[in-house]
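Just so it is clear: chains get the letters A, B, ... in the order the sequence lines come, proteins before strands, and each one is counted from 1.
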Number of protein chains: 2
Amino acid sequence: MMLAVQSMTMVEPRDTSGISPAKSLLTASDEFVFLIEEVPRKLRRMFDASTARFGLTRTQWRALVYIYRTPGMTQTDLAKCLELERASVGHVVDQLERMALAERRAAKGDRRVWELHLLPRAIEILPQLRAEADMIYARLLHMISPTEIRAVRALLTKMSGNLESGSEDRPPR
Amino acid sequence: MMLAVQSMTMVEPRDTSGISPAKSLLTASDEFVFLIEEVPRKLRRMFDASTARFGLTRTQWRALVYIYRTPGMTQTDLAKCLELERASVGHVVDQLERMALAERRAAKGDRRVWELHLLPRAIEILPQLRAEADMIYARLLHMISPTEIRAVRALLTKMSGNLESGSEDRPPR
DNA sequence: ACCATACTGTATCATATCTTACAGTAAAGG
DNA sequence: CCTTTACTGTAAGATATGATACAGTATGGT
């Protein structure tokens with residue numbers, strides 16, 4: 001994403017009478033960054049298509065998976081997992097309750113919080129979505145060796161670390 | 001993103017009285033996919049912070065860069081570049097006009113379309129944002145060799161190709 | 001010329017998310 | 001105890017984006 005050349009969507013100029021560009025504002029790095037963004041974007045699209053077939057949004061599905069993993073988790077917990085605000089999570093939980101996929105249960109010991117639990121209907125659906133996800137992953141990694149995957153993983157981990165706050169511009173210690 | 005383990009945000013279960021998970025719905029692939037998503041997400045955040053300092057959203061900034069690259073481009077053109085709907089682009093252009101960063105000019109020869117052009121104020125701002133972007137990229141690629149970058153690029157390109165429609169599940173011809 | 005079709009931008013509505021503020025509750029410090 | 005502080009979920013409003021429908025315009029076939 002970022003900016004980059006959007007797979008070089010070609011658009012011929014109509015009237016170059018505008019302010020003429022003095023110096024390129026598009027660099028080689030932009031292209032690389034675009035590429036880094038491209039794979040996740042395609043994955044998102046495919047997952048959206050999968051979840052939509054079940055009447056779910058990707059966010060709803062992710063919420064279900066997290067609740068599945070940690071039954072009784074709090075909305076604030078879920079917000080951290082989904083990287084959403086608490087208010088947004090509240091809406092998502094509303095939706096899941098309305099669809100009878102999850103429910104809020106009063107937590108004993110803390111009357112502020114709700115414990116989130118899945119309902120049977122969710123347990124039916126999740127494995128099917130799991131299967132769809134596996135198919136997408138299989139396609140993603142088709143004809144790519146474990147060695148290559150390890151290499152990419154290592155590099156991405158390094159890049160992610162580079163962007164961590166604290167690794168400002170100075171070499172990491 | 002996808003689902004994955006969100007950097008393993010740990011959340012201890014409160015009350016495991018829920019439906020007990022029979023089989024894992026989180027796979028090793030999920031972790032890899034999460035990692036693929038992590039770098040772009042961090043980049044997005046940093047860019048958002050940069051553009052916000054200039055009173056711009058990332059979308060507005062991207063729009064400016066594309067208009068810079070192709071003065072006179074159409075809103076439909078821009079929508080393709082930004083991967084947005086035409087309606088959304090209309091809003092963005094409204095904003096840019098209000099901020100006196102860009103303008104619509106009637107296109108001669110086709111009275112349906114607007115030609116998009118930057119205004120001087122945008123030309124002042126863009127190089128500064130370019131500099132911020134370069135700093136972020138430098139940080140991203142810190143201590144990573146050109147060879148490694150080429151390797152990641154190749155693999156990501158391959159993965160992207162794997163997800164291309166037409167490469168369904170069958171090996172590419 | 002005329003008509004059917006396609007395209008451009010916009011208006012309108014729906015949705016997802018964030019921000020801010022708040023009420024209820026908990027916890028910690030006197 | 002009581003007060004202050006912190007935390008949880010919700011409400012209300014703002015914003016970004018998408019979906020749909022539409023008016024105006026272009027284009028191509030006849």
Working note: A/R104 + A/E97, criterion salt bridge (Lys or Arg N to Asp or Glu O under 4.0 Å); need CA distance, chi angles, decisive distance, verdict. CA-CA 8 Å; A/R104 287 183 246 237; A/E97 283 204 315; 3.3 Å; yes
Send over the distance from [X] [atom1] to [N] [atom2], rounded to a whole Å.
{"X": "B/R44", "N": "D/dA16", "atom1": "CZ", "atom2": "C1'", "value": "15 Å"}
{"X": "A/R111", "N": "D/dT10", "atom1": "CZ", "atom2": "P", "value": "16 Å"}
{"X": "B/E97", "N": "C/dG9", "atom1": "CD", "atom2": "P", "value": "12 Å"}
{"X": "B/D110", "N": "C/dG9", "atom1": "CG", "atom2": "P", "value": "8 Å"}
{"X": "A/M73", "N": "D/dT8", "atom1": "CE", "atom2": "C1'", "value": "14 Å"}
{"X": "A/R112", "N": "D/dT5", "atom1": "CZ", "atom2": "P", "value": "17 Å"}
{"X": "A/K80", "N": "D/dT8", "atom1": "NZ", "atom2": "P", "value": "6 Å"}

Where along nucleotides 10-17 of chain C does protein come under 4.0 Å, by heavy atom, of base (B) or sugar-phosphate alone (S), with - for untouched nucleotides? BB----SB
Using a strict 4.0 Å threshold on nitrogen-to-oxygen distance, state whether A/K42 and A/E37 make a salt bridge.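 Judged by the 4.0 Å cut-off on N to carboxylate O distance, A/K42 and A/E37 do not form a salt bridge.
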So, are B/E148 and B/R153 salt-bridged, with charged N and O less than 4.0 Å apart?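 A salt bridge is absent here (no side-chain N lies under 4.0 Å from a carboxylate O).
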Considering residues at least two apart in sequence or located in another chain, which fulfil the side-chain contact (heavy atoms from CB on, under 4.5 Å) criterion with A/R86?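 Residues passing side-chain contact (heavy atoms from CB on, under 4.5 Å) with A/R86: A/T76, A/A79.
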For A/E85, side-chain hydrogen bond (donor to acceptor under 3.5 Å, both in side chains) partners two or more places apart: none
State whether B/T76 places a side-chain N or O below 4.0 Å from either non-bridging phosphate oxygen (OP1 or OP2) of C/dG9. yes
Test salt bridge (Lys or Arg N to Asp or Glu O under 4.0 Å) applied to B/D134 and B/R130, step by step: CA-CA 6 Å; B/D134 286 339; B/R130 174 73 266 165; 3.1 Å; yes
